[in-house]
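Below is one structure, written out as structure tokens; comments come after it.
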Amino acid sequence: MLNDTSTLSRRRFAAGLALGTVAFALPMRAAAMTVDQARTLIDKVVGDINSVIASGKGEGAMIAEFERIFAKYADVPVIARSALGPAAKQASKAQMSAFTKAFQGYISRKYGRRFREFIGGSIEVTDAKTVKSYYEVISVARLKGEAPFDLRWHVSDKSGSLRFFNLIIEGVNMLASERAEIGAMLDKQKGDVDKLTAALKDA
Amino acid sequence: MQHTMPYLSIPIMRKFDTSLLACCLIGAVLAGCSPVADPLVTRDPIEPFNRQVHAFNRGFDKMALRPVAVSTKGNGEGAKRISDFSANLGKPADILNNLLQFRLVKASENALRFGMNTIFGLGGLFDVATAAGMPANDTDFGETLHIWGFGEGTYLEVPFMGPSTTRDLAGTIVDVVIDPVNTLNRDQVLGVAGVKLAAKVADRGRYSDFIDSVLYESADSYAQARLLYLQNRRHQLGQDADDAGFVDPYEDPYAE
């Protein structure tokens, strides 16, 4: 009798342990899957960028291509809102959507113009990991005649789909840089979001 | 990218003011020991003064440095050769700093790189070591101070040199003094200084798209230059924590 219960409890214990392991392993596997998905996402972004670089198109066409890539893979509304900072809280829905649209064009022109420097170079994804509440995908950019440099993509699925929301180039944080820049532009417009949106279209 | 940052740097004159050095070193000591820095923190207590220096540097760049750099750039090949040659002349100082940092592997890598480029790169005109996949391993006395436990201190914009920190300016001054190249004869030392100055002009030309975008296309070029310098420098010193530079835009993003 005593033996039986002890066997039973041992069995129960074993079953519990097995269940526990499964319960523990499931989220681990889910996380690993998402890291892989984040890496796949940036592989696609990098693939698209590399083919734009290799296409040898003119500056205008490259900027248009960059805007398409940015809109497709980046969480543009969240990046725009974050760059605008506290002023986003007071802005109306219509103001935010106009600002976001202008911001997308501004970013595409600003970074698309720099694509010239990438001609003859390429980007390669080397690693991906989970950091806190987001995924970091690490890539290396090799430019002609330059030492390779470090390019890190911050990816999140909090918008509902997997998108990148920040880019760290040799330690320089693009979101922090744009927060400072958009903040300075907003100051120049005396805090008027509509005027900022108009100014962004020309920037 | 390192070369792109000190966009206005020229070698400091060899005769320097010892009291300035002392001030900088004391400043670095007071800044304390903080090996891991938050990449998003900016310590800039003398911002109004720094902004005046920035305006001066920007004017100097616009009136003198940029016109010379852009007009002499050509197809960029000559500029690249000057830049490589200057970098090779800086390698003995890098090796000395590696030794002071107790980084013996990097010291030997840099010695190998110096040998390769001097012998197979026509005295350093061609960077064959990078082409062969060797790491650049650039360093300076500012990094040595960092390894010895000095914090970065506060942000400084230095006339003619551009962005720096109290620690890094102290490092730059010490680097000029301890450079093994100084053991050469007077004409050679002057020649090396001339090459390094020419390399600064060459680099201003090589990276002119990027530097122009920061200096002349930003709404606040001072803030942009400061952010670029501090974040890039901390990255270069390996100060990024695991979640370095994490800005969470999802904190309260969809709240209307």
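Model, not experiment: these values are computed from the prediction.
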Counting only heavy atoms not in [X] (residues, nucleotides, ligands), do more than 12 fall under 6.0 Å from its [atom1]?
X	atom1	result
B:F120	CZ	no
B:Y216	OH	yes
A:K101	NZ	no

Exercise: identify the closest heavy-atom pair between [X] and [Y]:
X	Y	result
A:R114	B:S213	NH1-OG, 4.5 Å
B:A219	A:K188	O-NZ, 3.3 Å
B:L227	A:A180	CD1-CB, 4.4 Å

Q: Find the distance between CG (B:L228) and CD (A:E170) and round it off to the nearest 0.5 Å.
A: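 Here the interatomic distance stands at 12.0 Å.
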Q.
Can you tell me how far apart NE2 (B:H235) and CZ (A:R152) are? Round to the nearest 0.5 Å.
A.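 Between atom NE2 of B:H235 and atom CZ of A:R152 there are 6.5 Å.
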(Q) Counting only non-hydrogen atoms closer than 4.5 Å, does A:D150 touch chain B with its backbone (N, CA, C, O), its side chain (CB onward), both, or neither? (A)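 Just the side chain, heavy atoms under 4.5 Å.
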Q) Should B:Y250 and A:Y134 count as side-chain neighbours, where that means a heavy-atom distance under 4.5 Å? A)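 Side chain of B:Y250 against side chain of A:Y134, heavy atoms only: no contact under 4.5 Å found.
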Q | Side chain proximity check, A:E181 to B:S218, heavy atoms < 4.5 angstrom | A |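 The answer is yes, as the side chains (C-beta and beyond) meet within the 4.5 Å cut-off.
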Q: Take B:E217 and A:R113 through the salt bridge (charged side-chain N to carboxylate O under 4.0 Å, His left out) test and state the conclusion after the steps.
A: CA-CA 12 Å; B:E217 287 159 32; A:R113 247 182 260 145; 3.4 Å; yes
